[in-house]
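Okay, structure first, notes after.
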Amino acid sequence: MDCDAIVIGAGISGLYQLYRLRELGLKVRVFEAGTGVGGTWYWNRYPGARFDSESYSYGYSFSQELLDEWHWTEHFSPQPQTFKYLNYVADKFDLRRDIQFKSRVAAAHYSEATRSWEITLEDGRRHGARFLITAIGPLSAPTMPRIEGIDTFEGQSCHTARWPHEPVGFEGKRVAVIGTGATGVQTIQEVAKTAGTLTVFQRTPNWCAPLHNARIGEEEMREIRSRYPEIFERCRETFACFLHTPDPRATSEVTPEEREALFEKLYDNRGFGMWQGNFRDILVDRKANALVSDFVARKIRQRVKDPKVAEMLIPRNHGFGTRRVPLETRYYEVYNQPNVTLVDISRTPIERIMPTGIKTSDSEYEFDMIIYATGFDAITGSFDRIDIRGADGLRLKDKWKGGPKTWLGVQVEGFPNMFMVMGPHTALGNIPRSIEYNVEWVTGLIRHMREHGLTRAECRPEGVKAWTEHVKALGEGLLSNEIDSWMTGINRNVDGKETRIVARYSGSAPAYRARCDEVAANGYREMALS
Ligand code: NA7
């Protein structure tokens, strides 16, 4: 063992975990595949990448000094600024000296004899530690579509999550975007501003809602700073740690006029309100969901001039909010531009990528550039890509066939001393808020172990069974669980990800924290500690 704890990943989770464990006096080593810190905000450099959560609700809350010093320049921070912020954090807390970059972890094996983990990097180097903390992100394993001829394209092409570090210009270029999820929407609205032509290949339209971003001046930032305690208190109380939380009323409890008025207000307001701050029944009740879907469909029809194009942009196979709602800035208006074309590949599928462009079942298109906004092998994908083996040599990937089984989303039976930050079955929501809680909980457990001279921590099988069943039960009745999306574990670009699973905790964040707090308050007696 060359250190006490190994953390995989130097994103928001890994940086904070390093900070907290170092504070406990542990020798920590962080292994990061990229050349710098930032995780999601390091990799996703595609044009238009930005927060969909209010910047001041998304940053770290643990350091008053950091809160006092940092100026968010926009209500929804663009990737370059977030990247700068995470670098600022790394410098401020002198985190880099314990991070080894360009070090992708290929394997992590537990040894019962030494009660420790050994990791192997892609280049063969090995390191050992008592504790292994995975901070590898729920949306960090990008997937390319399986299309014939994809490697034959002679122009420039890339996945949005593997965007080049050098600036990419679109002026005068014929650009294609495949994919219309949250990433595709952000990319499309940005590329459309300068591209010679932009052709969007859409398989499934998504319900989008306006972001209403704005700049933050000095004075407004001062005012925001004065409200930080209130902002974070609000995030602690809301269902999913956002500033927005469901309206306690059901759609049926108000008049049609009141209903429309709330929809209008939410549509006009900043951020996730339309999705996260709507009537409490829109995500569980079909009738309620149809009402909000109809409202957004009307907005799309108003905003898109060509009625045929508007109809193509209105989802038919799922209701509003049952998949992750992309937030947009004049996204629908992009389709009124003469340089933009929408191709419905559910009707005319892509047959192959050619050296010069894309061939669908009815046309051939020539491009200088193809952008793949085709998403991620979500939640379990980043785990699957590492050969993680527990006490009996069993691979985590095999253990999780048919869906993850966890205890509190933090531990897996048979994988002692391994803790997951933002693993499956944890509350995601406004992710940094959940990360801070997860990291602090793991840190508390490790502190407890050190104080009591304990060297092995494992969850109990009955705990795993109860938590996994609880997570499944929470998902029952949610309309989103009847729909294919990354949230239900579907990714047809990956073998074995064709059937829906319950990988997400869909209860409230306060309830999640209460459960974890209870475990800690009881001295972690629910775990097998020795
Ligand atoms: P998403 O939301 O998974 O979107 C991926 C998009 O790519 C989606 O429109 C897919 O269509 C499309 N896709 C995927 N594979 C193909 C193939 N083979 N052919 C055509 N189109 C394809 O990923 P994002 O990166 O946008 O967002 C992920 C999350 O990151 C986001 O929700 C935020 O929380 C941050 P489909 O819908 O499957 O028909």
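All values below come from the heavy atoms of this structure, side chains included, with hydrogens, waters and symmetry mates left out.
Residues that satisfy the salt bridge (Lys or Arg N to Asp or Glu O under 4.0 Å) test with Arg162, not counting sequence neighbours, are absent from this structure. In this view, Arg395 and Asp387 satisfy the salt bridge (Lys or Arg N to Asp or Glu O under 4.0 Å) rule, not counting sequence neighbours. Residues passing the side chain to side chain contact (heavy atoms under 4.5 Å, CB included) test with Arg227, sequence neighbours excluded: Glu223, Ile224, Glu230, Ile231. Under the rule for a side chain to side chain donor-acceptor pair (under 3.5 Å), Asp268 has no partner lying at least two apart in sequence or in another chain. Residues that satisfy the salt bridge (Lys or Arg N to Asp or Glu O under 4.0 Å) test with Lys193, not counting sequence neighbours, are Glu190. For Thr406, the side chain to side chain donor-acceptor pair (under 3.5 Å) partners are His425, not counting sequence neighbours. Arg323 meets the salt bridge (Lys or Arg N to Asp or Glu O under 4.0 Å) test with no other residue; sequence neighbours excluded. Looking at residues two or more places apart in sequence or on another chain, you find a side chain to side chain contact (heavy atoms under 4.5 Å, CB included) between Met1 and Ser116, Arg130. Contacts of Phe383 classified as ring-ring contact (aromatic ring centres under 6.0 Å, His included), with partners at least two apart in sequence or in another chain: Trp400.
Checking Lys397, Lys497, Arg385 one by one against Thr380, the side chain to side chain donor-acceptor pair (under 3.5 Å) holds for a single residue, Lys497. Applying side chain to side chain contact (heavy atoms under 4.5 Å, CB included) to Val334 and the options Asn339, Val191, Val185, Val340 leaves one that passes, Val340.
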Under the salt bridge (Lys or Arg N to Asp or Glu O under 4.0 Å) criterion, do Arg492 and Asp484 qualify, and how do the steps go?
CA-CA 10 Å; Arg492 295 204 168 74; Asp484 288 354; 3.0 Å; yes
Does the salt bridge (Lys or Arg N to Asp or Glu O under 4.0 Å) test come out yes or no for Arg270 and Glu54, once each step is laid out?
CA-CA 8 Å; Arg270 211 170 261 151; Glu54 290 74 1; over 6 Å; no
From CA spacing to verdict: side chain to side chain contact (heavy atoms under 4.5 Å, CB included), Ile188, Tyr335
CA-CA 10 Å; Ile188 290 160; Tyr335 296 98; 4.0 Å; yes
Kindly determine whether Val410 and Val421 satisfy side chain to side chain contact (heavy atoms under 4.5 Å, CB included), including the steps that lead there.
CA-CA 7 Å; Val410 175; Val421 178; over 6 Å; no
Report the C-alpha distance between Arg45 and Phe83 in whole Å, list the side-chain angles of each, state the deciding distance to 0.1 Å, and finish with yes or no for side chain to side chain contact (heavy atoms under 4.5 Å, CB included).
CA-CA 9 Å; Arg45 295 166 191 245; Phe83 183 55; 3.4 Å; yes
Does Tyr42 form a side chain to side chain donor-acceptor pair (under 3.5 Å) with Thr35? I'd like the steps, not just the answer.
CA-CA 9 Å; Tyr42 167 91; Thr35 57; 2.7 Å; yes
Please determine whether side chain to side chain contact (heavy atoms under 4.5 Å, CB included) holds for the pair Trp207 and Trp275, giving the CA-CA distance in whole Å, both sets of side-chain angles, and the decisive distance to 0.1 Å.
CA-CA 10 Å; Trp207 297 101; Trp275 188 28; over 6 Å; no
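Between Leu67 and Ser61 the shortest heavy-atom distance is CD1-O, 3.9 Å.
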Please report, to 0.1 Å, the donor-acceptor pairs under 3.5 Å made by any side chain of residues 18-25, with sequence neighbours excluded.
unit_1, atom_1, unit_2, atom_2, d
Arg20, NE, Tyr16, OH, 2.8
Arg20, NH1, Glu23, OE1, 2.7
Arg20, NH1, Glu23, OE2, 3.3
Arg20, NH2, Tyr16, OH, 2.9
Arg22, NE, Asp98, OD2, 2.9
Arg22, NH1, Phe93, O, 3.1
Arg22, NH1, Asp94, O, 3.0
Arg22, NH2, Asp94, O, 2.8
Arg22, NH2, Asp98, OD2, 2.8

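Judged by distance alone, the side chain of Thr180 and the main-chain N or O of Thr204 form a donor-acceptor pair under 3.5 Å. Distance alone, capped at 3.5 Å, places no donor-acceptor pair between the Thr374 side chain and the Gly179 backbone. Proximity of a side-chain donor or acceptor of Thr488 to a complementary backbone N or O of Arg500 within less than 3.5 Å is not detected. Of the possible donor and acceptor atoms, none in the side chain of Tyr110 sits under 3.5 Å from a partner among the backbone N and O of Met418. Side-chain atoms of Ser55 come within 3.5 Å of backbone atoms of Ser77 as a donor-acceptor pair (strictly under, hydrogens ignored). Between the Glu32 side chain and the Ala10 main chain, a donor and an acceptor come within less than 3.5 Å of each other. Remark: the backbone N or O of Ala33 is not paired with any side-chain donor or acceptor of Lys102 at under 3.5 angstrom. Of the possible donor and acceptor atoms, one in the side chain of Thr152 sits under 3.5 Å from a partner among the backbone N and O of Ile353. When atom types are taken as modelled, the side chain of Thr443 and the backbone of Val439 share a donor-acceptor pair closer than 3.5 angstrom. Not a single donor-acceptor pair under 3.5 Å links the side chain of Asp52 to the backbone N or O of Leu211.
Annotation: Arg515, atom CZ; neighbour count of heavy atoms from other residues, nucleotides and ligands within 6.0 Å is above 12. Residue Lys84 qualifies as open at atom NZ: its count of foreign heavy atoms under 6.0 Å is 12 or below.
Applying the side-chain hydrogen bond (donor to acceptor under 3.5 Å, both in side chains) test to every pair with at least one member in residues 134-143, sequence neighbours left out, gives these pairs: Thr143-Asn491. Contacts classified as side-chain hydrogen bond (donor to acceptor under 3.5 Å, both in side chains) and involving residues 504-513 (residues at least two apart or in different chains) are given here: Asn438-Tyr512.
The ring of His71 has its center no closer than 6.0 angstrom to the ring center of Tyr85.
At a threshold of 4.0 Å, the pair Glu74-Arg50 counts as salt-bridged, since one of the basic side-chain nitrogens sits closer than that to a carboxylate oxygen. Comment: Lys92 engages Glu69 in a salt bridge, judged by a side-chain N to carboxylate O separation of less than 4.0 angstrom. Between Asp495 and Arg146, at least one side-chain nitrogen of the basic residue sits less than 4.0 Å from a carboxylate oxygen of the acidic one, meeting the salt-bridge criterion. Here Glu333 pairs with Arg303 in a salt bridge; the nearest charged N to carboxylate O distance falls below 4.0 Å.
Note that Arg104 lies outside the cation-pi zone of Phe31, set by a 6.0 Å cut-off to the ring centre and a 45° limit from the axis.
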